[in-house]
Enquirer: 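Dropping the structure in here first, questions after.
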Amino acid sequence: MTSSVASFLDYRVVSYPVRVYSGQGALESLPAEVGRHRAKRAFVVCGRSVSRNTPLVAHIRELLGERFAGLYDEMGKDSPIEDVMAAADKARAAEADLLIAVGAGSVLQGTRVVAILLAEKEPVEQLITQYPPGRPAISPKLMAPKLPIINVLTVGSSAQNRAGSAVKSEKLGRRMEFFDPKTRPVALFWDNDALLTAPTSMVCASGGAIYWRAIMNMGYTQAAPLADFARRQAFELMSRALPRLGDPHDVAARNDLCLATFLQNREVDDGGAPVRHWVSRVVYAFASSLFNLHGHVSQGAAHCALTPTVMRRLGNRDPQEMCAIARALGVWKEGDPVADAPSRAADQLEKVFASIGMPINLAPLDVPQSSIDAILEPSLTNFNADPKQEFVKERDLLREVLKAAW
């Protein structure tokens with residue numbers, strides 16, 4: 001792969017301070033990390049399963065002693081804004097001076113928004129990213145200092161150390177998006193016992209999403225050197241971990257998920273331009289609409305189910321990128337027909353996804369075909385997937401692609 005990827009010299013690297021504690025007994029360093037920020041009232045945010053079905057929160061309470069200020073354990077899937085606001089109210093009443101998120105994507109994103117709501121004075125509608133019709137997105141500058149955040153992961157998640165957060169809003173009918181670099185965590189904990197609390201179904205769903213991003217990120221033709229390394233290393237980690245995710249005792253595979261997503265996030269800071277070929281953009285847009293519309297569908301399942309069809313239908317729009325992906329998957333080499341790369345890659349991905357119990361089309365997800373237009377319409381205006389607003393010109397084609405995913 002490296003021989004066919006050009007590196008360039010014009011790039012910028014931005015490093016953000018974060019401490020990572022990994023391995024057996026990593027959580028024993030939590031009191032010292034809380035003390036490093038001179039916090040006396042640490043407030044924990046998590047979901048019901050973590051607090052009521054595992055000993056993890058009880059262990060954190062024991063470790064922190066008098067510095068454990070309180071708990072909100074009702075954060076739901078996809079971080080409903082009502083849950084986030086309730087958590088902020090409870091943290092405010094507890095006079096929290098540090099937040100500890102315990103869980104995966106929804107909890108991690110929701111806790112960042114809790115920090116924003118505790119600090120900013122404007123109504124929530126004025127704090128979110130705005131999307132003026134026909135114009136670039138506008139993210140308000142949220143200047144108030146934020147409480148430090150510590151993330152204790154139960155599953156590897158791309159949400160673990162990002163600055164952006166999305167929460168669900170039934171009222172708006174779409175996600176509310178927040179962006180604030182001051183909500184990046186000061187510390188990450190990949191503790192073995194914490195990672196082993198997650199059920200294998202959740203681990204496999206997260207693994208599917210992380211692997212999906214890793215393989216989409218292999219569709220590039222040039223990159224800054226550090227970003228090139230991070231992309232290749234994340235893909236190698238995920239390729240190694242994926243077959244082992246069904247083992248409830250394989251903590252090394254679960255740790256690899258944490259490391260892979262950390263590298264995926266870091267490669268953006270290391271000068272990596274977003275990899276935006278048609279397949280990744282369309283799948284991302286469709287999947288975002290799908291799992292927000294149908295709450296029982298995970299992000300990982302949505303991405304896996306949509307990718308083979310979209311790749312076969314739209315892969316030919318980015319032939320070199322599809323060759324790079326097929327090469328990474330070991331099903332294409334120099335001299336093979338370029339036109340074969342999308343179908344070969346799609347065939348191989350179906351095998352990979354099926355091997356971890358992920359769907360390869362929408363049929364097993366209990367999503368009715370009558371949802372097509374409800375999935376399509378928000379996809380056409382997904383700025384993150386389509387900043388140049390090309391999708392609206394392809395409405396009929398994209399509808400046919402989506403319909404074929406069943």
Enquirer: Determine whether Leu71 and Val45 make a side-chain contact, defined as any pair of heavy atoms from C-beta on separated by less than 4.5 Å.
Expert: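 When only atoms from C-beta onward are counted, Val45 and Leu71 do not touch, as no gap falls below 4.5 Å.
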Enquirer: Step through the shown structure and confirm whether more than 12 heavy atoms of other residues, nucleotides or ligands are within 6.0 Å of CG on Asp373.
Expert: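 Enclosed.
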Enquirer: Enter the distance from Tyr211:OH to Phe353:CZ here, rounded to the nearest 0.5 Å.
Expert: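 Result: 7.0 Å between the selected atoms.
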Enquirer: Under a 4.5 Å cut-off applied to non-hydrogen side-chain atoms, are Thr111 and Ile149 in contact?
Expert: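 Yes, their side chains come closer than 4.5 Å.
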Enquirer: Do you know which of Arg281, Arg395, Arg276 makes salt bridge (charged side-chain N to carboxylate O under 4.0 Å, His left out) with Glu390?
Expert: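 Only one option passes, and that is Arg281.
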Enquirer: In terms of side-chain geometry, is the basic nitrogen of Arg244 or Asp250 positioned less than 4.0 Å from the acidic oxygen of its partner?
Expert: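 Salt bridge between Arg244 and Asp250, a charged N being under 4.0 Å from a carboxylate O: yes.
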Enquirer: Go through the steps for Thr261 and Gln160 under the test side-chain hydrogen bond (donor to acceptor under 3.5 Å, both in side chains), then give the verdict.
Expert: CA-CA 8 Å; Thr261 55; Gln160 66 174 311; 2.5 Å; yes
Enquirer: Would you check if Ile372 and Trp406 make a side-chain contact, meaning some heavy-atom pair closer than 4.5 Å?
Expert: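 Answer yes - side chains close enough.
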Enquirer: Is the shortest distance from a Lys or Arg side-chain nitrogen in Arg184 or Asp269 to a carboxylate oxygen in the other one below 4.0 Å?
Expert: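 Salt bridge: yes.
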Enquirer: State whether a side-chain donor-acceptor pair under 3.5 Å links Ser379 with Ser289.
Expert: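 There is such a pair (donor and acceptor under 3.5 Å, judged by atom type) between the side chains of Ser379 and Ser289.
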Enquirer: Working note: Asn255 + Ser22, criterion side-chain hydrogen bond (donor to acceptor under 3.5 Å, both in side chains); need CA distance, chi angles, decisive distance, verdict.
Expert: CA-CA 8 Å; Asn255 191 281; Ser22 177; 2.8 Å; yes
Enquirer: Taking the six-membered ring for Trp, are Trp190 and Phe262 parallel (under 30°), tilted (30 to 60°) or perpendicular (over 60°)?
Expert: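 Perpendicular: the ring planes of Trp190 and Phe262 meet at over 60°.
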Enquirer: Between the side chain of Gln264 and the main-chain N/O of Ile210, is any donor-acceptor distance below 3.5 Å?
Expert: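 Judged by distance alone, yes, a pair lies under 3.5 Å.
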Enquirer: Would Glu33 and Arg36 pass as an ion pair if we require N to O under 4.0 Å?
Expert: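 The answer is yes: the pair qualifies as a salt bridge.
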Enquirer: Regarding Ser139 and Thr129, do their side chains bring together a donor and an acceptor under 3.5 Å, going by distance alone?
Expert: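 Checked: Ser139/Thr129 side chains pair up, N/O donor to acceptor below 3.5 Å.
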Enquirer: Are side-chain N/O atoms of Arg231 and Asn217 paired as donor and acceptor at under 3.5 Å?
Expert: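 Note: Arg231 and Asn217 side chains miss the donor-acceptor criterion.
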Enquirer: Below 4.5 Å, heavy atoms only, C-beta onward: do His294 and Leu365 meet side chain to side chain?
Expert: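 No - every pair of side-chain heavy atoms lies 4.5 Å or more apart.
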Enquirer: Just do the side-chain contact (heavy atoms from CB on, under 4.5 Å) check on Leu380 and Leu376 with the steps written out, would you?
Expert: CA-CA 6 Å; Leu380 297 177; Leu376 177 66; 4.0 Å; yes
Enquirer: Mind telling me whether His303 and Trp212 have parallel, tilted or perpendicular rings, with 30° and 60° as the class edges?
Expert: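 Ring orientation, 0 to 90° scale: tilted.
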Enquirer: Can you measure from CE (Met358) to CG (Leu349) and round to the nearest 0.5 angstrom?
Expert: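 The CG atom of Leu349 is 14.0 Å from CE of Met358, to the nearest 0.5 Å.
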Enquirer: Please determine whether the number of non-hydrogen atoms from other residues, nucleotides or ligands lying under 6.0 Å from atom CD of Glu122 exceeds 12.
Expert: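 For Glu122, atom CD is crowded (more than 12 foreign heavy atoms under 6.0 Å).
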Enquirer: Side chains of Tyr220 and Asp228: any donor to acceptor distance under 3.5 Å?
Expert: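 The answer is yes; a qualifying pair exists.
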Enquirer: Could you check whether any side-chain heavy atom of Pro308 comes within less than 4.5 Å of a side-chain heavy atom of Asn361, counting everything from C-beta outward?
Expert: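 Counting from C-beta outward, Pro308 and Asn361 never come under 4.5 Å.
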Enquirer: Would you find a donor on one side and an acceptor on the other, under 3.5 Å apart, between the side chain of Ser343 and the backbone of Asp340?
Expert: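 Here the side-chain-to-backbone pair exists.
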Enquirer: Using side chain to side chain contact (heavy atoms under 4.5 Å, CB included) as the criterion, point out the one residue from Asp89, Leu99, Asp83, Val44 that pairs with Tyr72.
Expert: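 Of the listed options, the one satisfying the test is Asp83.
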Enquirer: Rounded to the nearest 0.5 Å, what separates atom CZ in Arg67 from atom CD1 in Ile60?
Expert: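 These two atoms lie 13.0 Å from each other.
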Enquirer: Are Asp336 and Lys333 close enough for a salt bridge, meaning some N to O gap below 4.0 Å?
Expert: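 Looking at Lys333 together with Asp336, the answer is yes, because their closest N to O distance falls below 4.0 Å.
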Enquirer: Look up atom OG in Ser157 and atom CD in Gln299, then write down how far apart they are to the nearest 0.5 Å.
Expert: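 Separation between the atoms: 7.5 Å.
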Enquirer: How about His249: does its NE2 atom have over 12 heavy atoms from other parts shown lying under 6.0 Å from it?
Expert: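 12 or below, so no.
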Enquirer: Going by heavy atoms in the side chains, are Ile215 and Leu329 under 4.5 Å from each other?
Expert: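 The answer is yes; the side chains approach within 4.5 Å.
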Enquirer: Is there a side-chain contact between Thr200 and Leu245 in this structure, where contact means two heavy atoms from C-beta onward sitting under 4.5 Å apart?
Expert: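 No, side chains not in contact.
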Enquirer: Give a yes or no on whether a salt bridge exists between Glu394 and Arg317, defined as a side-chain N under 4.0 angstrom from a carboxylate O.
Expert: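 Salt bridge flag = yes for Arg317 with Glu394.
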Enquirer: Give a yes or no on whether a salt bridge exists between Glu350 and Arg312, defined as a side-chain N under 4.0 angstrom from a carboxylate O.
Expert: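 Answer for the salt bridge query: yes.
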Enquirer: Please say whether more than 12 non-hydrogen atoms of neighbouring residues, nucleotides or ligands are located less than 6.0 Å from CZ in Arg52.
Expert: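 Yes, the 6.0 Å shell around CZ holds more than 12 heavy atoms from other groups.
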Enquirer: Could you tell me whether the side chain of Glu120 reaches within less than 4.5 Å of the side chain of Lys146, counting heavy atoms only?
Expert: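 Yes, their side chains come closer than 4.5 Å.
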